[in-house]
Novice: 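The structure's right below; bear with me while I get my questions together.
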Amino acid sequence: MPPARFDPLAQEIYALKKQLNAVILAHNYQVGEIQDVADYVGDSLGLAQQAAKTSADVIVFCGVHFMAETAKILNPNKIVVLPDKDAGCSLEESCPADKLAALQATNLNFWTIAYINCSAAVKALCDVIVTSGNAEKIVNAAPKDKDLLFVPDENLGQWVMEQTGRPMTLWQGNCYAHVEFRRDALLQMRTQFPLAKVVVHPEALREVRELADAVCSTEKMITYCQTDPAKQFVIVTESGIIHRMQKECPGKEFLCAPTFDVMKLPSDNCRCSECKYMKLNTLEKVRDCMMHLAPRVELPEAILKRARLPIERMLEISARPLANVG
Ligand code: 13P
Ligand code: SF4
């Protein structure tokens, strides 16, 4: 892959990558300059699939902590580093393992489905993991005689229930960034840009999802914008994704959905949504974590072993042809 950037910092990163036999995986919400030095940029599912098949000795995970943990669970013998150890997630925080275990104890017939946005300790308590890219397929494949418990995103859970018709008990967690999108502000965008297609991440509130032309994971959003004939799109997710959209959909225009009532702000204020955790990572921190091989993801042996089962189940169901699901 030819280097996307020629500045000295990017050059240092490319040299370290060669020296360490490292792979750089980056989420779609990372700043553009990190995306440009990465070997792979994608959604949580794509990143887990890449981590599962890499032959690199070191995985540099540019995303948030639970994503790097997933890479470590799939590669217990490899070194996994992340640029900033404080890059957390409000969904992960909302669901401590001890509280989940207490809820599970109230119904021994629960089949626990966890959105990948949770800690390794929570994954170790679950039957299967989902991402926004495969949640519908995996819930459709869940055993019919079980009571489904979905953690920790109530909005994604609600959307999956609508798609599959399977009732589920929902954990009351949410993504602090996606619940900021407002229906009234989006309606104003629709009036202002009547030809634009509205693309929404399923972590958004139902009243916002109802206004969407498409509800999907970040990777599917990119495919949708590439293939749909529209020339303008309103993007209802974290603004980092616009970088890839602009690169991969030439001639199209992408508008960030406003996170609050547009009328209340002076017109030169930015209203894009940013995840404060994703944005902790910088190109300097990517270089530093490769130079020092720290911060490193380390997990207790028992968690590594147990959390691997539901992740592998997810990868296996994800790879099945649709006809074999359910
Ligand atoms: P995707 O898997 O759709 O990229 O979502 C990850 C995420 O954290 C959304 O907020
Ligand atoms: Fe977590 Fe929301 Fe940030 Fe995604 S955007 S990492 S769900 S806080």
Side-chain angles (χ1 to χ4, degrees), residues 25-31 34-35 38 40-51 61-71 82-95 113-119 122-123 129-138 150-160 163 171-181 199-205 208-209 212 214-225 235-245 248 256-257 259 272-281 311 314-315 318:
L25 305 180
H27 187 264
N28 287 322
Y29 296 162
Q30 292 294 283
V31 289
I34 293 182
Q35 293 190 27
Y40 176 83
V41 185
D43 67 357
S44 309
L45 177 59
L47 290 164
Q49 287 165 334
Q50 291 293 319
F61 207 108
C62 304
V64 291
H65 195 264
F66 74 81
M67 296 177 176
E69 273 188 345
T70 305
L82 69 166
D84 192 311
K85 68 174 174 31
D86 295 325
C89 171
S90 66
L91 278 165
E92 177 182 351
E93 277 165 28
S94 77
C95 188
I113 301 168
Y115 187 28
I116 198 164
N117 298 38
C118 62
S119 67
V122 163
K123 288 184 176 77
I129 303 301
V130 302
T131 73
S132 55
N134 60 19
E136 185 181 341
K137 189 176 189 183
I138 286 174
F150 188 94
V151 305
D153 188 357
E154 59 186 322
N155 294 302
L156 175 67
Q158 197 180 60
W159 178 72
V160 175
Q163 304 310 303
W171 189 269
Q172 303 294 293
N174 60 48
C175 162
Y176 90 94
H178 282 85
V179 297
E180 284 280 294
F181 293 110
V199 191
V200 179
H201 197 276
E203 288 173 9
L205 297 170
V208 170
R209 294 194 310 267
V215 177
C216 47
S217 77
T218 57
E219 196 60 34
K220 289 182 182 171
M221 284 183 173
I222 290 169
T223 312
Y224 180 85
C225 294
I235 304 301
V236 190
T237 194
E238 214 268 0
S239 57
I241 197 171
I242 305 284
H243 180 73
R244 247 190 94 190
M245 288 174 165
E248 295 179 28
C256 284
T259 48
C272 293
S273 170
E274 286 203 340
C275 169
K276 63 183 177 186
Y277 304 109
M278 288 279 182
K279 294 309 195 255
L280 282 175
N281 296 336
I311 298 173
M314 167 187 86
L315 293 172
S318 255

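In each ligand, atom 1 is the first atom listed, and ligand 1 is the first ligand listed.
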Novice: What are the two closest heavy atoms between A204 and N155, and how far apart are they?
Specialist: O-CB, 3.5 Å
Novice: Which residues and atoms, protein N, O or S only, are under 2.8 Å from atom 3 (Fe) of ligand 2?
Specialist: C275 SG
Novice: What do we get for T131 next to ligand 1 when only non-hydrogen atoms under 4.0 Å count, side chain, backbone, both or neither?
Specialist: neither
Novice: Quick one: nearest non-hydrogen protein atom to atom 5 (O) of ligand 1, plus distance?
Specialist: H201 NE2, 3.3 Å
Novice: Are the side chain of K220 and the backbone N or O of V215 linked by a donor-acceptor pair below 3.5 Å?
Specialist: no
Novice: Give me the atom names and distance for the closest heavy-atom approach of C275 to E238.
Specialist: N-OE2, 2.7 Å
Novice: Identify the heavy atoms of Q35 and N28 that sit nearest to each other, and give their distance.
Specialist: NE2-O, 3.1 Å
Novice: Mind checking whether E92 contacts ligand 2 via backbone (N, CA, C, O), side chain (CB onward), both or neither, at a 4.0 Å heavy-atom cut-off?
Specialist: neither
Novice: Using a 4.5 Å cut-off on heavy atoms from C-beta on, say whether the side chain of L45 contacts that of S318.
Specialist: yes
Novice: What protein heavy atom sits nearest atom 10 (O) of ligand 1, and how far away is it?
Specialist: E203 OE1, 2.9 Å
Novice: Number the atoms of ligand 1 from 1 as they appear, then name those within less than 4.0 Å of a heavy atom of Y29, with their elements.
Specialist: 7 (C), 9 (C), 10 (O)
Novice: State whether the shortest distance between N or O atoms of S217 and N or O atoms of ligand 1 falls below 3.5 angstrom.
Specialist: no
Novice: Where do S90 and N174 come nearest, in terms of heavy atoms and distance?
Specialist: OG-O, 3.1 Å
Novice: Considering both backbone and side-chain atoms of N28, is one of its nitrogen or oxygen atoms within less than 3.5 Å of a nitrogen or oxygen in ligand 1?
Specialist: no
Novice: Specify the protein heavy atom at minimum distance from atom 8 (O) of ligand 1: its residue, its atom name, and the distance to 0.1 Å.
Specialist: N117 ND2, 3.2 Å
Novice: Please determine if D43 has a nitrogen or oxygen closer than 3.5 Å to a nitrogen or oxygen of ligand 1.
Specialist: no
Novice: Looking at E219 and R244, is there a salt bridge between them, counting it only when a charged N and a carboxylate O are closer than 4.0 Å?
Specialist: yes
Novice: Can you see which heavy atom on P152 is nearest to which on N117, and at what distance?
Specialist: CG-O, 3.4 Å
Novice: Any nitrogen or oxygen of S44 lying under 3.5 Å from a nitrogen or oxygen in ligand 1? Just yes or no.
Specialist: yes
Novice: So which heavy atom on L47 is nearest to which on G42, and how close?
Specialist: CD1-O, 3.6 Å
Novice: May I ask you to check if K276 and Y176 form a cation-pi contact, with NZ or CZ under 6.0 angstrom from the six-membered ring centre and within 45° of the axis?
Specialist: yes
Novice: When you measure from the heavy atoms of E238 to every atom of ligand 1, does any distance fall below 4.0 Å?
Specialist: no
Novice: For H178, take its heavy atoms, then give the atoms of ligand 1 lying under 4.0 Å from any of them.
Specialist: 10 (O)
Novice: Tell me, do Q30 and V41 make a side-chain contact under 4.5 Å, heavy atoms counted?
Specialist: no
Novice: Atom NZ of residue position K85 - does it have more than 12 heavy atoms of other residues, nucleotides or ligands inside 6.0 Å?
Specialist: no
